[in-house]
*Asks:* 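Sharing a structure with you now.
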Amino acid sequence: MDQHYDPSSIETDVQKNWEDTQAFKATEDPSREKFYCLSMFPYPSGKLHMGHVRNYTIGDVISRYQRMQGKNVMQPMGWDAFGLPAENAAIKSGMPPAEWTRSNIEYMKAQLQRLGFAYDWDRELATCDPDYYKWEQWLFARLVDKGLAYRKTATVNWDPVDQTVLANEQVIDGKGWRSGAIVEKRNIEQWFLRITDYAQELLDDLDKLPGWPERVLTQQRNWIGRSEGVTMDFQLENSEEKIGIYTTHPDTLMGVTYVAVAAEHPLSLQAAESNPELVDFIEECKKGGVTEAEMETMEKKGMALGLNVIHPVSGEAVPLYVANFVLMGYGTGAVMAVPGHDQRDWEFAEKYGIERKQVIFSADGSDCSIEKEAYLEKGILSNSGPFDGLDSEAAFNAIADWLKKHGKGDKQINFRLRDWGVSRQRYWGCPIPIITDANGEAKTVSEFPVRLPEDVIVDGSGSPLKKMPEFYDLGNGQVRETDTFDTFFESSWYYARYCCPDAADSMLDDRARYWLPVDQYIGGIEHAILHLLYARFFNKLMRDEGLVENDEPFSKLLTQGMVIAETYYRTNDDGSKEWFNPADVTVEHDDKGTAIRATLQADGQEVSIGGIEKMAKSKNNGVDPQGLIDRYGADTVRLYTMFAAPPEHTLEWSDAGVEGAHRFLKRLWKLSATHLQTGNIAELKKDELTEAQQKLRLKIHATISKVNDDIGRRYTFNTAIAAVMELSNALSQAKDDSDNGRAIMREGLETSILLLSPIVPHITDTLWHEFGHTEPAINAAWPVVDETALVQNELQLIVQVNGKLRAKITVATDADNKQIEETAISDQNVQKFIADKEIRKVIVVPGRLVNIVVS
RNA sequence: GCCGGGGUGGCGGAAUUGGUAGACGCGCCGGAUUCAAAAUCCGGUUUCUUCGGAAGUGCGAGUUCGAUUCUCGCCCUCGGCACCA
């Protein structure tokens, strides 16, 4: 065999062999245990970035490991092909989005293949293909029929210069990204899906997902935001008009001293007609930031409307305010305010001199004063008329019952989650299959797909569809919808379509019921809420349509961390920063290895070392995977990304680390080549092993056991690799030319090769053949632990005195505690520390340590 | 402001159930090889030290024979957030 490791030639050969033998084609086989491993599909933006490489390597390692465990593995790949970047590229280059997207797909597919991922490419799909999107049009039509999709007016960002709707990310500081014009809010008719109908189930079923990270579950729970409370009406004084409010603290109802409405509330707008000051205030509220962080920290402001409302229980009049912290979009746009028991209300009352009334008192007599801040604990009611003496919990029910009995309110469960607006006033997306007739009546189309015209010019002034009567004008006053779906629509069900990508007569078929749910889903944490929530919702919609049987689409979820890298910059005269790519910078270190100086290779002059940040165009710190693959081969790139950090952590890019990974592969190659030169190997005689040989075999089998746990259960690929590195270090140190010695070397090398094969599949497959195997490594059985190799006659224990390490002793495996104690105490160094002291206690932890406690 | 992660050598990280802190890799130092360099190989590498040891996992307490691990308080940092009544 060649003494020299040449990744590019072996990787080409191995990949060709996989392709020729259709090695990763997945076929349904009910007699075998299936394993569906899915990595989130990429948006075809042009070329792969490091985040993709990391994501897909993780998925590939899991897939290949499961395959070697004997499972029937399916790992597909496809393209999230609709979206805004294609339109932006079209504006810049004039290339139609379809063409741009398809050429990107072609290039990126070649990159994925070059990395050697074990995909079943026969299942490839692109969401911009009519054969794909026709089925979501079909499903949408079903949802319209069922009343789960409906049309209502909603607000969008409107660029008055470009005459187009803008996505949130196209609005920068309130201005259009291209025109710079001040963005306006416009109300237009849009389609919504009733995800709120599924809010409770989406919440409850989170409990069925123990294989999801806790923080994703928490984020989803918070997003759904279930709360139990009470709705009730406050009547306007001297009027028939009522204001509905929602509260989660009805127990504090008797402490209400004012009611506040949102700036956009009808009552507030009405009052503004005769109050110019109020008009100004409402305008001011519109301008303020709307993020949660801004809201929580901003000054609480309001204005009295000069009206009173009647307390539903006491009949007292309390003032009505408009306040900047009340949101029109949530609940009823009005709140009851209890300054005594809500900190925000307390601050508002303090500012405007409104009465604070205490109605909850501590049960145990501890301080519950509301002089300095609101009292937020539960307690006993007082100053609450008929409800005095009840505790908070009992009062919740008693007050709710009272309101219901008197027709003034009722219990209600609220969700933060709102219905999903799916209309986008965009071109490059799936057409919404709706036709509006001359009477303004919307109906679904009956033939699918509604094809998106692809031969168009995108100039940035609105969707081309709106300028194509041949698309929308159907005659007789019938008009086709020109909006397209939110691209989350496509990504909400692609995982199911992979099971049967060629199903021509239905959205899904029996094959989906074989493969689903996805056993392992891998993707970025940035999708923790929206994509994963929508996909879960779609799964339930498809289930209720009889298309799938499972309640949840993804049994296990792994969220990989970001890829980050050092940044380098120079500050220009005008204070702006120019960023330099790490590849163009040389870093000098001091004797300890601390970076002290960085220079630009081009001019040799110094550059500033910035922080370590997420790889991004804006900081020019991205590392192009292609260059690394060309230089080191796919295996090295795969090995480094899996070795540098556990999958959930951020991964800090290091060129030196890549070198190290490459060095390891070279050593493995060399060690194998050297061993193979020693010729034929006799069979191992297990009962004639020397102590050193036993030790080495123990290391081999302990490594198998460790790697099984690390890859199969913990997904800590970095420690699995470290374990094999340890084994290979031990093998290279063993200089043993005896028959048994060479047999153990063979065993150790073959084991290392198979254990590493999910991670670095090309070099291992090549070596596997060099070791005389005719079947490819992907079809080899996973190494099995030889339990007899793990048996030890003696083991090492550590000896502590008062918890401090003082000696290491070797004892027989079957020694009893008394013998162990004696050996420990008689140790010379231990004696030094216990000499003239009294032994108070000896703790023996079997197989681990002895701790001698002395006074 | 709220919610959720983190904090261990010069660096990335390891220590899985409370039991040898720093595995493995990088970097750095020394040596071998070389005309020389690259590559490769061998050895060393937490800090302090009177060379016996001592200290040490963000800071301060606590529980324990024993704490990176558990509890309480604080500091820093990263991520998420839709004014959530």
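Proteins come first, then strands; the chains are lettered A, B, ... in the order of their sequence lines, and each starts at number 1. Bear in mind that the values here come from a model prediction, so they are computed numbers and not experimental data.
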*Asks:* Given B:U40, B:C83, B:G13, identify the nucleotide with an atom nearest to the side chain of A:Arg663.
*Replies:* B:U40
*Asks:* Would you please indicate yes or no on a ring centroid separation below 6.0 angstrom for A:Phe348 and A:Phe325?
*Replies:* yes
*Asks:* Tell me the partner of B:G4, counting only Watson-Crick (N1-N3 plus N6-O4 or O6-N4) or G-U wobble (N1-O2 and O6-N3) with both under 3.5 Å; none if nothing fits.
*Replies:* B:C78
*Asks:* Look at the side chain of A:Phe325 and decide which nucleotide, out of B:C83, B:U20, B:A14, has an atom nearest to it.
*Replies:* B:C83
*Asks:* Would B:G9 be called syn or anti here, given the cut-off of 90° from 0?
*Replies:* syn
*Asks:* Considering only side-chain heavy atoms of A:Arg344, which listed nucleotide, B:G80, B:C24, B:C83, is closest?
*Replies:* B:C83
*Asks:* Go through B:G27, B:C24, B:U16 for me and flag the one nearest to the A:Asp709 side chain.
*Replies:* B:U16
*Asks:* Please confirm whether the backbone N or O of A:Gln792 pairs with a side-chain atom of A:Thr813, one donor and one acceptor, at under 3.5 Å?
*Replies:* yes
*Asks:* Under a 3.5 Å cut-off for both contacts, is B:U34 paired Watson-Crick or G-U wobble with anything, and if yes, with which nucleotide?
*Replies:* none
*Asks:* Measuring only between side-chain heavy atoms, which start at C-beta, is A:Lys357 closer than 4.5 Å to A:Val338?
*Replies:* no
*Asks:* Counting any heavy atom closer than 4.0 Å, what does A:Arg806 reach on the DNA or RNA strands: base, sugar-phosphate only, or nothing?
*Replies:* sugar-phosphate
*Asks:* Describe, in one word, how the ring planes of A:Tyr321 and A:Tyr352 are oriented to each other, choosing from parallel (under 30°), tilted (30 to 60°) and perpendicular (over 60°).
*Replies:* tilted
*Asks:* Is there a donor and acceptor pair closer than 3.5 Å between the side chain of A:Arg713 and the base of B:U16?
*Replies:* yes
*Asks:* Students often get this wrong, so: under 4.0 angstrom with heavy atoms, is A:Glu214 touching a base, only sugar-phosphate, or nothing?
*Replies:* nothing
*Asks:* Of A:Asn802 and A:Ala323, whose nearest nucleotide on RNA chain B comes first from the 5' end?
*Replies:* A:Asn802
*Asks:* Does B:U45 pair with anything, Watson-Crick or G-U wobble, both distances under 3.5 Å, and if so, with which nucleotide?
*Replies:* B:G27
*Asks:* Identify whether any heavy atom of A:Arg840 sits under 4.0 Å from a base atom; if not, whether one sits that close to sugar-phosphate; answer base, sugar-phosphate or nothing.
*Replies:* nothing
*Asks:* Please report the distance, rounded to the nearest Å, between CZ in A:Phe396 and C1' in B:A85.
*Replies:* 13 Å
*Asks:* In the strands shown, is B:A67 matched to any nucleotide by a Watson-Crick or G-U wobble pair with both distances under 3.5 Å, and which?
*Replies:* none
*Asks:* Between C1' on B:G19 and CD on A:Gln800, what's the gap in Å once rounded to a whole number?
*Replies:* 7 Å
*Asks:* Which listed nucleotide (B:G13, B:C65, B:G53) is nearest to the side chain of A:Phe833?
*Replies:* B:G53
*Asks:* Both A:Asp710 and A:Ala644 contact RNA chain B. Which one's nearest nucleotide lies toward the 5' end?
*Replies:* A:Ala644
*Asks:* At under 4.0 Å, does any side-chain N or O of A:Arg714 touch on OP1 or OP2 of B:A15?
*Replies:* yes
*Asks:* Please confirm whether A:Trp420 and A:Phe192 have ring centers closer than 6.0 angstrom.
*Replies:* no
*Asks:* Just call it for A:Gly660: base, sugar-phosphate, or nothing, with non-hydrogen atoms closer than 4.0 Å on any strand.
*Replies:* sugar-phosphate
*Asks:* Between A:Glu838 and A:Arg840, is there a salt bridge with N-O shorter than 4.0 Å?
*Replies:* no
*Asks:* Starting the side chain at C-beta, find the nucleotide from B:C24, B:G13, B:C11 nearest to A:Ala645.
*Replies:* B:G13
*Asks:* Write down the partner of B:A21 under the Watson-Crick or G-U wobble criteria, each distance required to be under 3.5 Å.
*Replies:* none
*Asks:* Looking at the rings of A:Tyr640 and A:Trp653, which for Trp means the six-membered one, are their centres under 6.0 Å apart?
*Replies:* yes
*Asks:* Does B:G52 adopt a syn or an anti glycosidic conformation, taking syn as a chi angle within 90° of 0?
*Replies:* syn
*Asks:* From B:A14, B:C24, B:A85, pick the nucleotide closest to the side chain of A:Met725?
*Replies:* B:C24
*Asks:* With a 4.0 Å cut-off on heavy atoms, is A:Thr650 in touch with a base, just the backbone sugar-phosphate, or nothing at all?
*Replies:* sugar-phosphate
*Asks:* Using Watson-Crick or G-U wobble geometry with both distances below 3.5 Å, tell me the partner of B:A15, or none.
*Replies:* none
*Asks:* Of all the choices, B:G80, B:G19, B:A85, which nucleotide is nearest to the side chain of A:Asn851 once you look at every atom?
*Replies:* B:G19
*Asks:* For A:Arg215, answer base if it contacts any base atom (sugar-phosphate contacts may also be present), sugar-phosphate if it contacts only those atoms, and nothing otherwise; contact means non-hydrogen atoms under 4.0 Å.
*Replies:* sugar-phosphate
*Asks:* Would you say B:G25 has OP1 or OP2 under 4.0 Å from some side-chain N or O of A:Asn729?
*Replies:* yes
*Asks:* By the 4.0 Å heavy-atom rule, please label A:Val853 as base, sugar-phosphate, or nothing.
*Replies:* sugar-phosphate
*Asks:* Measuring from the side chain of A:Ile529 (C-beta onward, heavy atoms only), which nucleotide among B:G80, B:A14, B:C41 has the closest atom?
*Replies:* B:G80
*Asks:* Between B:G13, B:A85, B:C3, which nucleotide has the shortest distance from any of its atoms to the side chain of A:Asn718?
*Replies:* B:G13
*Asks:* Looking for any heavy atom pair under 4.0 Å, which part of the strands does A:Lys804 touch: base, sugar-phosphate only, or nothing?
*Replies:* sugar-phosphate
*Asks:* For B:C72, which nucleotide is its Watson-Crick or G-U wobble mate, given both distances must be under 3.5 Å?
*Replies:* B:G60
*Asks:* Drop me the distance from A:Thr823's OG1 to A:Lys818's NZ, to the nearest 0.5 angstrom.
*Replies:* 11.0 Å
